[in-house]
Protein chains: 2
Amino acid sequence: MHHETLIESVKSRRDTLKITQEMLADLSGVGLRTLKQFESGKGNPTLETLTKIGDTLGMELIFTAKNLTAD
Amino acid sequence: MHHETLIESVKSRRDTLKITQEMLADLSGVGLRTLKQFESGKGNPTLETLTKIGDTLGMELIFTAKNLTAD
DNA sequence: TTGAAATGTGCATTAAAACGCACTTTTCAG
DNA sequence: CTGAAAAGTGCGTTTTAATGCACATTTCAA
């Protein structure tokens with residue numbers, strides 16, 4: 001998985017929930033600037049930041065065995 | 001998911017593969033100090049660090065819908 | 001088209017991650 | 001038990017994430 005996929009997960013989810021970056025920032029406690037940075041692919045968020053975002057969006061971050069068959 | 005679960009995933013996987021923190025540090029390019037910090041629960045790693053570790057262990061980091069039924 | 005809402009970016013500051021090094025503590029086979 | 005390997009911690013430095021603020025750019029319904 002690429003960094004992008006994680007970003008897409010968040011943007012997609014946020015889109016589904018119809019909330020703006022600003023709302024997510026407020027709800028999650030993550031700074032708006034940080035969220036913008038992350039969603040625009042310019043950031044390298046910490047686990048804490050990702051967790052806050054995930055919690056707010058009803059998602060959780062996990063490590064799974066990588067699928068080696070597909071490419 | 002708690003931060004711990006992520007840590008356990010890594011420690012468990014590393015244990016299965018029979019590699020030390022030092023080896024994982026070398027293989028992944030993540031500093032040994034950083035890895036120790038993370039595995040001992042004292043750290044707040046960046047996505048990049050988690051990705052490097054995951055890549056080396058054949059794991060990938062993903063966001064999944066949180067399971068609200070279980071607890 | 002148009003303007004407001006939403007998103008993206010430049011700049012500066014503060015807090016903290018990443019890191020190396022040396023040392024302590026823990027683990028465990030023999 | 002014992003020693004060596006593995007894991008954890010204190011300390012200091014450098015890099016950078018997190019953040020606010022102001023402004024630029026994009027999106028899109030009316």
Side-chain angles (χ1 to χ4, degrees), chain A residues 1-68 70-71, chain B residues 1-68 70-71:
Chain A
M1 142 158 340
H2 300 58
H3 187 156
E4 303 172 3
T5 314
L6 217 49
I7 297 178
E8 283 313 306
S9 298
V10 171
K11 292 174 70 171
S12 167
R13 178 72 172 172
R14 185 168 63 71
D15 199 57
T16 298
L17 297 178
K18 302 261 193 311
I19 60 178
T20 65
Q21 291 182 337
E22 190 166 20
M23 294 171 75
L24 177 54
D26 288 339
L27 293 171
S28 66
V30 169
L32 178 57
R33 191 67 176 71
T34 301
L35 192 57
K36 286 174 179 298
Q37 196 105 6
F38 170 57
E39 285 198 15
S40 62
K42 307 291 176 50
N44 178 28
T46 62
L47 175 55
E48 182 180 14
T49 294
L50 290 172
T51 300
K52 285 181 181 174
I53 294 174
D55 283 348
T56 305
L57 295 177
M59 304 169 84
E60 61 180 357
L61 203 56
I62 66 175
F63 258 131
T64 60
K66 196 174 297 183
N67 180 354
L68 301 174
D71 182 48
Chain B
M1 141 156 341
H2 301 56
H3 186 153
E4 302 172 3
T5 313
L6 217 49
I7 297 177
E8 283 314 305
S9 298
V10 170
K11 291 172 71 171
S12 168
R13 176 71 171 173
R14 185 167 63 71
D15 200 59
T16 298
L17 298 177
K18 302 262 194 308
I19 61 179
T20 64
Q21 291 181 336
E22 189 165 21
M23 293 171 77
L24 177 54
D26 287 339
L27 294 172
S28 66
V30 170
L32 178 57
R33 191 67 176 73
T34 301
L35 191 58
K36 285 176 179 299
Q37 196 103 16
F38 170 57
E39 286 198 13
S40 62
K42 305 291 177 52
N44 177 28
T46 61
L47 176 55
E48 182 179 13
T49 293
L50 289 172
T51 300
K52 285 181 180 173
I53 293 173
D55 282 350
T56 305
L57 296 177
M59 304 169 85
E60 61 180 357
L61 202 57
I62 64 174
F63 257 131
T64 59
K66 197 174 295 181
N67 181 355
L68 302 175
D71 181 47

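Below, each value reflects all heavy atoms present in this structure, side chains not excepted, and no hydrogens, waters or symmetry copies. Order of the sequence lines sets the chain letters (A, B, ...), proteins ahead of strands, with each chain counted from 1.
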Side-chain donor-acceptor pair present, S12(A), S9(A), cut-off under 3.5 Å: no

Quick one: does [X]'s side chain get under 4.5 Å of [Y]'s, heavy atoms only?
X: T34(A); Y: Q37(A); answer: no
X: E22(B); Y: L35(B); answer: no
X: L57(B); Y: I19(B); answer: yes
X: V10(B); Y: F38(B); answer: yes
X: L17(B); Y: L24(B); answer: no

Footprint string (nucleotides 2-16 of chain C, 5' to 3'): B base within contact, S backbone only, - free, heavy atoms under 4.0 Å: ----SBBBBB-----

Sugar-phosphate, base or nothing in reach of G41(A), heavy atoms under 4.0 Å: nothing

Protein-nucleotide distance (E48(B), atom CD; dA18(D), atom P), rounded to Å: 12 Å

Rounded distance in Å - CG (L47(B)) to P (dT16(D)): 15 Å

T56(B), T51(B), T49(B) screened by side-chain contact (heavy atoms from CB on, under 4.5 Å) with I53(B), the one that passes: T49(B)

Side-chain N or O of T49(A) closer than 4.0 Å to phosphate OP1/OP2 of dA17(D): no

Atom of N44(A), atom of L47(B) and distance for their closest heavy-atom approach: OD1-N, 3.4 Å

Bend angle of the helix from dT1(C)-dA30(D) to dG30(C)-dC1(D), end axes from five pairs each (to 10°): 70°

